Amino acid sequence: MTRGCFITLEGGEGAGKTTLARGLARHLAGHGHAVLRTREPGGAPGAEALRALLLTPGLDWDPVAEAMLMFASRREHWIKTIHPALEAGAWVICDRFFDSTLAYQCAGRGLDQGIWRALRDLSLPGIAPDATLILDVDPGLGMARAMRRSGPDRFEQLDGTFHRRVRDAFLEIARREPGRCVVLDAARAEQDILSDALLALRRTLGAPP
Ligand SMILES: Nc1ncnc2c1ncn2[C@@H]1O[C@H](COP(=O)(O)OP(=O)(O)O)[C@@H](O)[C@H]1O
Ligand SMILES: [Mg+2]
């Protein structure tokens with residue numbers, strides 16, 4: 001049995017990660033591949049319990065404690081869900097992974113990158129996605145899309161400089177790791193983004209998805 005490919009989708013709110021995950025899963029399944037679509041935080045029973053803790057309003061986590069919970073949840077996700085699926089030959093499409101913690105907690109909220117690196121190395125030694133698609137879009141457009149999806153309540157108080165830092169952090173990750181990451185212009189139509197994503201995966205993985 002050949003091992004499956006581990007693909008992560010990254011980018012800001014409303015960039016189109018969930019939409020692309022659905023499109024990729026549909027395409028891959030249509031070509032006869034086993035596919036697992038999953039998302040973070042969560043994706044395994046313990047990881048979902050940690051997600052509920054992380055998203056509990058008013059808990060106001062210390063940034064290091066928050067990052068530790070994120071990586072605890074991520075390790076659980078990897079051990080219980082992602083790794084077994086890859087070993088069974090499935091393609092795993094994961095909506096957000098460790099790059100989101102670097103972008104949101106470090107670049108966004110000021111967590112030390114050394115702490116991120118230490119937690120990553122401790123919880124996922126030598127583990128990385130085979131390919132990461134970074135959906136890049138102006139935060140204003142992303143936010144407008146996300147508000148159309150969920151209503152304004154969740155987003156109205158978030159500030160623009162935060163989202164610019166997050167966007168720049170994703171672009172910096174792509175510059176640092178060009179063998180793993182591909183930036184896609186996510187301001188375009190869904191179908192164009194999906195075609196580009198498939199092309200990028202063929203190049204990055206050297207395999208026809
Ligand atoms: N390329 C696109 N053009 C226009 N609207 C889009 C595009 N991709 C997604 N959307 C819409 O924008 C909203 C947010 O997309 P979604 O995939 O949920 O983003 P994310 O998961 O990155 O937050 C959804 O209502 C979706 O239908
Ligand atoms: Mg989403």
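Every value quoted in this text rests on a predicted model; they were computed, and no experiment measured them. Just follow the structure's listing: the first ligand is 1, and inside any ligand the first atom is 1.
- With 2.8 Å as the limit, Thr18 counts as an N, O or S neighbour of the Mg ion (ligand 2).
- Pocket lining of ligand 1, defined as residues with a non-hydrogen atom under 4.0 Å away: Gly12, Glu13, Gly14, Ala15, Gly16, Lys17, Thr18, Thr19, Arg145, Arg149, Arg188, Ala189, Glu190, Ile193.
- Note on Leu69 and Phe71: separate hydrophobic clusters, where clusters join Ile, Leu, Val, Met, Phe, Trp and Tyr whose side-chain heavy atoms are under 4.5 Å apart, directly or indirectly.
- In this view, Trp91 and His33 satisfy the ring-ring contact (aromatic ring centres under 6.0 Å, His included) rule, not counting sequence neighbours.
- With hydrogens and angles left out, the side-chain atoms of Tyr104 and Arg165 include no donor and acceptor closer than 3.5 Å.
- A side-chain donor-acceptor contact under 3.5 Å links Arg74 and Thr101.
- Glu10 and Thr132 form no side-chain donor-acceptor contact under 3.5 Å, judged by distance and modelled atom types alone.
- For the ring-ring contact (aromatic ring centres under 6.0 Å, His included) test with Trp78, the passing option among Phe6, Phe98, Phe97 is Phe6; the others fail.
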